[in-house]
Every structure is written in structure tokens, then in C-alpha cells.
Asks: 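My structure is below; once you've seen it, I'll send some questions.
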Amino acid sequence: MGVNLAMAAPRFLRLILIAFLAILGAIAPAAYAQEAAQAAKFAPGSICHTSDKAGTTYDSLLSDGSRWTCEGAEFDWDAERHFIRHDLTKLAEGAQPPRYAEFDRNEYEKLTVIAVEADGTQSSVSYSFADTQLGSSSLKSIVAFPQSATPPVAIVMVLDKSWWPETLVAAKLVAEPSVEAKAGYIHLLAALLCGLFLAPIIFDLGYFRALRQSFPLFHAAFCLMAAIQTAAVSGLIPLIMPISYSAELIVTYFTLDLMILATVLFAYKFVEQEFMTRRHKVIMLCVAAGVLTNGAVLTFFPEPFGLWIDRIYFGALCTLLAGYFYVLFSARAAGSRMAPYLILGFAPLTAIVIFQAVSVFFVDPINITEVTFDETWAQNLALLFEVVATALAVADRFISIRRERDRALDAARAMEALTEHDDLTGLLNRRALQSRFPALVQDGFTVMAIIDIDRFKAINDMHGHPVGDAVLRYTGDTLRGGADRNLVAFRIGGEEFLLMLRGKDAAKRAEARRRAISSRTLAEIEGLDSPVTASMGLLDFETLAQQQEVDFGALYSRADQLLYEAKCAGRNRTCSDTVEMFEAETTAGRSAA
């Protein structure tokens, strides 16, 4: 019986297809079983890692368990790709599966996060460094895991071209991120702190304008650097402006050094100079130069120092700070009022620097997974404490300086009062009259009256000098202005007095005071057998003062001439005149008193 090849061929192909599908069905479960078997090599809850060349896949490394290290965080730093696997099979009962990873922020080219499900299914998402979300500070990063159909049993992070793969070993896997994707409450708090740091600058500028001393400017520089430093370490700067990571690091590192530099220079100018020896001043300047050099060199030229850079930086900084505190404690021991403010204010930030130095010198830089302290907010609060303490110190110093200046002004005024006042009567003297005459004329005092006690020599001869002094005192007390702001009295010398007056009734008020001398002295002084009288020469030069500048000497001579005329006319009277255009006259000599 013959075979029909046309009909046999399709049947043959169907047989081959059935066989292929049977083989495929047998292989697939085997592959999943192999994945599960390989995954079983990782202990529940383990964190394992390995490194390889660029392009290596996670699946290609999964079959070789010997490639993975599950203890410590020592990597091949020369490798281009690093794999870090977090096993999630030991997740606590009822706990939410993690959806985010938070880790120390360091620059990289690419980060791929793979979520591995129990059946071997993989989901992945990739991030560039610019795509990475900021964490609670500029030192932290957050990435979200890819969406998966079932809770993952492992999270694998594939890191390309990064110097710090160990940070992913220490990463925290969390169900919810610590901060919002953009600006959370932590950033608002940082912005508030920055505002508090900037506020004292306004007062510093006011203090500088009032005192003309440089220490408020250094305090203002410190406050400005503290604000920038807080904005940098808290992640505000990359949120509010486009900035490269390298520039961000420079701002973060160097503003700290500039802030410490401003602190040192502030102390150098702020501590009372009498408590700072020349040696102390030299030490302070050397500390300032050292802080600037240490920060600038290691910030802008880090490559030559390699892994030793942190030890060199903190070693030098701690040495310099030791010199700074030596000077402050010496000044405090010598009696400085300002040094304790600076010691107390800078102590918290110094403690953080010492903690960082200890972690650098005594913690293995290769195995740092156990060091989880984030000094960002401790530093921010330390800066707030220092800003408050130093602001109080500046205010205290400002008040102290103002008090010293007020005392100096009071002493100067007292000395001026001694040199411009008559000891016996308390009235202003001739020196005060000559210095204040232009201002008095400008204020409208355009009536001059010279008053002379009649026959004063006879009073002294008959009753003695104590009675004569009493006559002068009561005469001065009668002539002084008191509540009358339109009259100023002077004692020119001996028994001669001068009044400067303003107002329409100036002549009447001057005459009333002249007459009052008799009644006042007769009532107050015992033993006088006759009234004390006085003569007066009064000159009104208001019209002249409105037309031209007046000459005190010429006016005084004319008023003195009027007094002489009153004496010659019989004493105990007033001779007056009004000057509209002054013409020099020859003053006759006076012989009568």
C-alpha cells in the first residue's frame, strides 16, 4: 500500500510541535526551580554583594554563589559595576514590604533597582544621580522600588561607576520615605533656621554703624555662612537652584571652613584686648590662617590625599581648635567677660567635630556599615545655639561699650561744666558766652543786658568778703533763667553779669530781674544796712541780626557803654538802646563802680 507524502508531512510537523511544547513545559519549571534553588543560597535577611565589569547581569552572577560576599562591605573599587542584594524573606509577620531605599548620598552614573518575586519574576527601574530624591539632608538619597505583582523576596541594586558602593549595603529599606518627594517639613524647618541665622545680620550692621568696630562684621559673616551651611547640608540648595553635585559639595564643605574662620576672627576682635596678650593674638591669627588653608586645599585639591583626606582634615582642624580654645580659656582666666560666651557658644559644634574626628580615626573606613550617625541636624542645632549665644554676646558687648562711652561723655560734660560755669554762682561764665553767642543769636536771643552791682567794693569793705560772696550768689540766683527758656544768664567777672534774652517783652523781663536783686538780697542776707542795687545797660540788636552777622565784641562794647551811662546817671537804673546799623564807637573809660 503506497504512502501519500503530501498528507504525511503536516502530520509529522504536528508531532514535532507537540514534542517541542512538551520539552518547553518541562524546562520552564526547571528554570524557576533553579532560580529558587540559587536564591536559597542567600540566608534569610542577608545583605550580599559582588562586583564585576560593565554589562554584567544579575542573572549571570546568581548561579555562582562563591562570587557573593555576605559579610562586611569590602568592594573591588576598581570594578565598574557593583551588585548589592537585600534578602527580604525574613520580613516580620504583618510588616509592610519595603518600597523605598534610603542611603548616604554619593555621586554615581546609574543605579538600577531590581525587585525579585518569589517565582523569579523580576521588575526593574533605573535612576541617574540627578533623578535621585533628596533625603532628610543633602547627605541622604531616596529611591523607590519598581512595582511588582507580589511582594518581592529580594531587592537587588546594581550600581554603575560609583566610588561608594558600600553605602548601599548600609541602606535602609522602608515602607514610607522619611521626607516628601519635593520639599517636606524637614526642608521647611531648615528654611526657618536659615531665616533665624540671617536675622542677627541686621543688628550687626546697626552695631557696626554705631560702634565703628569690626567684630559685628565678622559676626555677620559667621551668621551668613551658618545659613548657607544649613541650606547646603539640609538639601535646600539643590531644591531651590540648579547646581552640580561637585559644586554642591564645595559649598557644603567650604562654607563650614569659612564659618569657623569667621568665628575665629570674631573672637580675635571681640574679646577685650586687655585680656589678650600679644602671644594670644598671634595664636589666633595662626589659627585663622590654618583653618582657611586646611579648608581651601582639601576642598579644591582633594585628589593628592586620596583616602587620607578626612584624617588630614580633621586632624588639622582639631589641632587648630585646640589653639582657639587655649586662647579663650586664658582670656577667661584673666577676667574676660566675653570669652565665656564664645566658649559656651562654640562648644556644641566642636563636640560634633570631635565626634567626626573620632569616627574617622577609629572606625575602619572599609567597613563603615555600623556607623549610622547623621550629624546634619545635630550640626544645625549646634549652629543655632552658637548664633544665639554669640548674638547675646554682641548685644552685651554693645551695651558695655555704650555704657563706657556714656560714662566718658558724662565725664566730658562734667569737665565742660567745670570749665564753663562759675564756681560761686553756678552761672555760665565768659568763656561759655563767647562759645555759645553765635548759636544764641541764631535762636533769636537778640537782646543783651549787662548788669553791675552798685558800689560792690564798699559792701566788701564794710561787711567783709563772705557777705560780698553772698550778694553775688543771690544776685546770680535772681538773674538765672530757671523756667524761663527765653533768658540765659552769665557771670562775666567780679560783680558784672550779662543776660541774653529773646521775645517782645525782653526789656521788661530784664528790668524786673534787675530790680529783684535789691529785694532778694535784703531778704536773704542779714546785716545789710541798706539795699543792694544794680545798674544795667540794655541793647536790642534784633534788626541788626536779621541784616548781617553780628560781632560780639562790638555789641558787648556798646552794651558796656550803656551800663557806664547808667552809672554816671546816678546808678540803680537802666540805659537802653536799639541798634539797627552798627557804627564803631570809641568806648570811654569807666571810673565808677
Side-chain angles (χ1 to χ4, degrees), residues 406 408-454 456 459-460 465 468-503 505-518 520-521 524-525 532 534-542 544-545 549-564 566 574 576 579 590 593:
D406 289 344
L409 288 175
D410 291 341
R413 293 189 185 103
M415 185 62 66
E416 181 182 357
L418 291 175
T419 59
E420 293 192 346
H421 283 77
D422 175 58
D423 292 336
L424 182 62
T425 64
L427 296 179
L428 294 167
N429 57 23
R430 188 184 188 95
R431 177 181 178 182
L433 172 62
Q434 291 177 333
S435 63
R436 302 184 185 192
F437 181 75
L440 288 171
V441 174
Q442 187 175 4
D443 289 340
F445 289 85
T446 55
V447 174
M448 178 187 293
I450 300 178
I451 301 174
D452 188 88
I453 299 174
D454 295 331
F456 182 72
I459 295 174
N460 275 332
H465 286 284
D469 289 345
V471 170
L472 292 174
R473 284 197 299 271
Y474 284 113
T475 299
D477 192 53
T478 303
L479 295 178
R480 75 174 67 251
D484 188 353
R485 296 185 178 181
N486 296 318
L487 182 149
V488 183
F490 301 84
R491 183 187 177 195
I492 303 303
E495 68 274 20
E496 187 174 296
F497 298 84
L498 184 144
L499 302 178
M500 293 293 297
L501 305 99
R502 64 184 175 186
D505 60 344
K508 291 182 180 181
R509 288 186 285 116
E511 178 64 15
R513 289 181 184 270
R514 184 193 70 81
R515 292 176 181 271
I517 293 173
S518 299
R520 180 70 183 279
T521 53
E524 299 288 349
I525 302 174
V532 175
S535 302
M536 182 171 68
L538 186 144
L539 183 64
D540 185 345
F541 58 94
E542 180 180 4
L544 179 65
E549 292 186 3
V550 295
D551 178 26
F552 168 74
L555 293 173
Y556 180 81
S557 296
R558 177 56 182 152
D560 190 52
Q561 185 180 21
L562 293 170
L563 172 64
Y564 177 73
T574 296
S576 60
V579 179
R590 288 167 26 182

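For this chain, numbers begin at 1 and follow the sequence in order. In this text, all values refer to a predicted model and were calculated from it rather than measured experimentally.
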Asks: Work out which heavy atom in Thr478 is nearest to a heavy atom in Tyr474; give both atom names and the distance.
Replies: OG1-O, 2.7 Å
Asks: Could you measure the distance from the CE atom of Met500 to the CG atom of Leu428? Nearest 0.5 Å is fine.
Replies: 12.0 Å
Asks: Which atom pair, heavy atoms only, marks the closest approach of Ala545 to Val550?
Replies: CA-CG1, 3.8 Å
Asks: Could you give the distance from CG (Leu427) to CD1 (Ile492), rounded to the nearest 0.5 Å?
Replies: 10.0 Å
Asks: I'd like to know whether Phe497 forms a side chain to side chain contact (heavy atoms under 4.5 Å, CB included) with Ile453, so could you lay out the CA-CA distance, the side-chain angles of the two residues, the decisive distance to 0.1 Å, and finally the verdict.
Replies: CA-CA 9 Å; Phe497 298 84; Ile453 299 174; 4.2 Å; yes
Asks: Working to the nearest 0.5 Å, report the span between CG of Asp551 and CZ of Arg558.
Replies: 15.0 Å
Asks: Pairs under 3.5 angstrom only: tabulate donor-acceptor contacts from the side chains of residues 535-542 to other protein residues two or more places apart or in another chain.
Replies:
residue, atom, partner, partner atom, Å
Ser535, OG, Asp454, OD1, 2.7
Ser535, OG, Asp454, OD2, 3.4
Ser535, OG, Asn572, N, 3.1
Asp540, OD1, Glu542, N, 3.1

Asks: Is any side-chain heavy atom of Val532 closer than 4.5 Å to a side-chain heavy atom of Ile525?
Replies: no
Asks: Excluding sequence neighbours, so at least two apart, what forms salt bridge (charged side-chain N to carboxylate O under 4.0 Å, His left out) with Arg509?
Replies: Asp484, Asp505
Asks: For a quick test of reading the model, state the closest non-hydrogen atom pair linking Ala449 to Leu501 and the distance between them.
Replies: CB-CD1, 4.4 Å
Asks: Using the salt bridge (charged side-chain N to carboxylate O under 4.0 Å, His left out) criterion, which residues pair with Arg520? Sequence neighbours excluded.
Replies: Asp477, Glu524
Asks: In the structure I gave you, are the side-chain heavy atoms of Phe490 and Gln434 within less than 4.5 Å of one another anywhere?
Replies: no
Asks: Working to the nearest 0.5 Å, report the span between CD1 of Ile450 and CD of Glu496.
Replies: 5.5 Å
Asks: Mind checking the CZ-NZ spacing from Arg513 to Lys508? Nearest 0.5 Å is all I need.
Replies: 15.5 Å
Asks: Between Leu544 and Leu555, does the side chain to side chain contact (heavy atoms under 4.5 Å, CB included) criterion hold? Intermediate values first, please.
Replies: CA-CA 10 Å; Leu544 179 65; Leu555 293 173; 4.1 Å; yes
Asks: Which heavy-atom pair separates Leu487 from Phe445 by the least distance, and what is that distance?
Replies: N-CE2, 3.8 Å
Asks: Can you run down the side chain to side chain donor-acceptor pair (under 3.5 Å) pairs that involve residues 437-450, sequence neighbours left out, and say none if there aren't any?
Replies: none
Asks: Residues in ring-ring contact (aromatic ring centres under 6.0 Å, His included) with Tyr556, at least two apart?
Replies: Phe552
Asks: Applying salt bridge (charged side-chain N to carboxylate O under 4.0 Å, His left out), name anything that partners Arg515, two or more places apart in sequence or on another chain.
Replies: Glu511
Asks: Could you check Ile451 against Ile517 for side chain to side chain contact (heavy atoms under 4.5 Å, CB included), going step by step and ending with a plain yes or no?
Replies: CA-CA 10 Å; Ile451 301 174; Ile517 293 173; 4.1 Å; yes
Asks: Search all heavy atoms of Leu499 against all heavy atoms of Ala489 and return the closest pair with its distance.
Replies: CD2-CB, 3.6 Å
Asks: In chain order, what residues pass the side-chain hydrogen bond (donor to acceptor under 3.5 Å, both in side chains) check against Asn486, with sequence neighbours excluded?
Replies: Arg502
Asks: Could you tell me whether the side chain of Arg491 reaches within less than 4.5 Å of the side chain of Thr475, counting heavy atoms only?
Replies: no
Asks: With rounding to the nearest 0.5 Å, note down the distance linking OG1 in Thr521 to CZ in Arg473.
Replies: 13.0 Å
